[in-house]
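Keep in mind it's a predicted model, so treat the numbers as computed, not measured. When reading the values below, keep in mind they use all heavy atoms of this one structure, side chains included, and skip hydrogens, waters and symmetry mates. Numbers for residues simply follow the sequence, beginning at 1.
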Amino acid sequence: MSNAFTNFRRLTLICLLAVAGILLGTARSPAHAQGTLIWALPAGASVLDPHVTCGWLSRGVTQQVFESFVQQDLSRLHDETPAPLVPRLAESWDISEDGRVYTFNLRSGVRFHDGTPFDAEAVKFNFDRFMDTEAPHFSELAQAYFMFAGGAADIESYRIVDAMTFEVTLKARNNEWIRSTLEDCPTLFFVSPAAIEEFGNDAIPLHPVGTGPFKFVEREEGVKIVLERNDDYWGRKAKLDQVIYRRLEEPATRLNALLAGEANLIQEPPWDEIEGLQEEGFVYSENRNPPWLWYLIFNFKNPTMQDVRVRKAINMAIDREGIVREITRNTATPAYGMLSRGTHAHDPDYQGLGYDPEGARQLLAEAGYPDGLEIDFDIPQYGYGELVEKWIQRDLKKVGITLNLNKMEWLAYLDKWNAGMPEELEMNEIGWGQQIPGWLGLIARCDRHPWDGSNVGWYCNPKADEFFKKALQAGDEAESAALYAQANDVVMGEDVAFAPLYHYYNPLVLHPSVKGFVNSTANWWDLSTVWIEE
């Protein structure tokens, strides 16, 4: 950014903050808290039906509107990672000694936003939607999502025990099952049966009705999503009057919206502006333990990428420490393994393939590319431009690899990404991760190729699969972590199936009027704790 622009920004800042205080600050204390939180998103949120959607941006919205049996406690920071589970629509739950039968004791007195009751019949209605092909409201798409990543494949049966008790029986022990249903692709949130019957499976994303602390108001596609406080909420009521999510893909646009008082929280702030924004009175927030891993995926259907020497060379050509230092401005830490931060199995001391451009050139020569090669790389537009991708392009060029960047709009990119890479494409990328280490199996197991999972590079090694299977049935977290470490040694140490780049800290910048915000260890947030103060 030019000095002239910076000076102009600083000269006008006092006026802008004054205006922003009028626009955004409408309360003096939490006791009388109200106001509107305007959140600037770096890309578009997907559909607002939790049973048929993927992605953190949509999950950040549905988190406010819907609830599950249990949820992560995101209302405060915890010493342990991931965040502990707390009761939500189930007051309590029991797990049988063999780890297969889950009995949920449902909370009484809860109503959906449309006034209809939440009970065991409503729970069964939701399960039938993705499990029972004979149900009138069965959704083939919802079933595909839940079989893909949401825990449905693990379910043997489910039943109503009584009006306020529901039971789920798994095919085998899975120590991560309940957490797996709370992730972003899809989520076992409960949707109003009356709303599904009224609007149908196709239209329910335009009329999302849950039980959460906020209610859906409207969506202007590509522009904004509006929520309002649910004054009839069964639990601790939200403090904000409204939450407005605005889609502002360009970093400069989000920055200007913050400065002009048109947004009071921006996601993916321009990294080189964070220090200056703090000096000017804005609040910087990060969390160093969310399960956010940015990584490259190699296509095992592509002849060039089938050579492990090429995959190793790419890993060794990338200066991850340089990316973190010069591009993300230390809002991340370099990644060398594929066990994402924010899970019990993450090993911060794992040593993978480090920066070694000379070694990369030698490997490429051994692989038959002494004069280099050209590869295609699909990338998304996700709120901060292709700064990291161009760094990688430069690094690879130094060792003889010409990298063609194919940039796509975010939601269009996701559609192509989820289908798996075509043979002619060498690699793509994603920023993802979950609070369960079993996520690595979702992207690496042999039975998780699209559309049965997110192994979009078509990797397969039965030896790694055996470690994944044992880890899910392990007796405790220490045993589980050791088994995941062995799986990671196969996936990365032997096969080099990916090129992990960095673990991200979820940086956000807030207007100083935003109070009570907790930057959680998940990749979404509990906004019921937030208020706006003058």
Side-chain angles (χ1 to χ4, degrees), residues 56 81-82 183 268 271 286-298 308 311-357 359-360 377 379-380 382 384 386-396 403 417 427-444 454-457 459 464 468 481 484-507 521-523:
W56 293 334
T81 299
E183 292 296 334
E268 303 294 348
W271 296 313
E286 67 177 24
N287 192 306
R288 300 201 166 199
N289 289 309
W292 182 318
L293 173 63
W294 202 276
Y295 61 101
L296 312 182
I297 306 156
F298 300 132
V308 70
R311 303 194 299 271
K312 284 183 177 180
I314 292 173
N315 269 272
M316 294 161 62
I318 298 171
D319 181 6
R320 294 164 174 81
E321 291 189 7
I323 290 173
V324 166
R325 182 181 63 252
E326 303 296 335
I327 302 296
T328 77
R329 302 296 175 138
N330 297 311
T331 61
T333 189
Y336 298 96
M338 288 297 294
L339 289 170
S340 67
R341 208 172 175 95
T343 75
H344 72 268
H346 174 67
D347 178 7
D349 299 320
Y350 177 78
Q351 297 295 317
L353 293 168
Y355 183 48
D356 182 5
F377 180 27
I379 65 172
Y382 193 84
Y384 50 75
E386 56 267 32
L387 296 174
V388 172
E389 291 81 359
K390 286 183 176 178
W391 179 287
I392 295 169
Q393 185 182 49
R394 187 203 65 183
D395 278 352
L396 295 191
L403 192 62
W417 188 89
M427 66 184 194
N428 62 24
E429 65 174 353
I430 203 76
W432 199 14
Q434 293 182 349
Q435 297 171 89
I436 49 174
W439 167 79
L440 179 53
L442 177 63
I443 66 170
S454 293
N455 186 348
V456 300
Y459 168 69
F468 289 131
Y484 279 120
Q486 290 176 284
N488 185 63
D489 283 340
V490 175
V491 173
M492 284 304 302
E494 296 181 20
D495 296 334
V496 197
F498 306 92
L501 298 177
Y502 54 83
H503 302 281
Y504 203 35
Y505 294 162
N506 268 342
T521 53
N523 291 303

Close side-chain approach of Ile392 to Leu296, heavy-atom, < 4.5 Å: yes

Side-chain heavy atoms of Thr328 within contact of Tyr505, under 4.5 Å: no

Any side-chain heavy-atom pair of His344 and Pro437 under 4.5 Å: yes

Pairwise side-chain contact, Leu442 with Asn455, heavy-atom cut-off 4.5 Å (strictly under): no

Donor + acceptor pair across side chains of Asn287, Arg341 (<3.5 Å): no

Interatomic distance, Lys312 atom NZ to Asp356 atom CG [nearest 0.5 angstrom]: 12.0 Å

Partner of Trp439 under ring pair (Phe, Tyr, Trp, His ring centres under 6.0 Å), chosen from Tyr295, Tyr484, Phe468: Tyr295

Value rounded to 0.5 Å, distance of CE in Met338 from CG in Asp489: 13.5 Å

Sub-6.0 Å ring centroid separation between Phe498 and Trp432: no

Flag, side chain of Asp395 to backbone of Asp319, donor-acceptor distance under 3.5 Å: yes

Distance (rounded to the nearest 0.5 Å) between Ile323 CD1 and Ile318 CD1: 6.0 Å

Separation of Leu293 CG from Tyr504 OH (nearest 0.5 Å): 13.5 Å

Separation between CE of Met427 and CZ of Phe377, rounded to the nearest 0.5 Å: 4.5 Å

Interatomic distance, Trp294 atom CH2 to Leu501 atom CG [nearest 0.5 angstrom]: 9.0 Å

Heavy-atom side-chain proximity of Asn315 to Arg320 below 4.5 angstrom: yes

Shortest non-hydrogen contact between Ser340 and Pro291, atoms and distance: OG-CB, 3.7 Å

Minimum-distance pair of heavy atoms, taken over all atoms of Pro380 and Glu429: CD-OE2, 3.2 Å

Atom of Gln393, atom of Leu403 and distance for their closest heavy-atom approach: NE2-O, 2.8 Å

Heavy-atom side-chain contact between Pro500 and Met492 under 4.5 Å: yes

CA sep, side-chain torsions, deciding dist, call: Asp495, Val490, side chain to side chain contact (heavy atoms under 4.5 Å, CB included): CA-CA 6 Å; Asp495 296 334; Val490 175; 3.8 Å; yes

Heavy atoms from other residues, nucleotides or ligands near CD of Glu321 exceed 12 (cutoff 6.0 Å): no

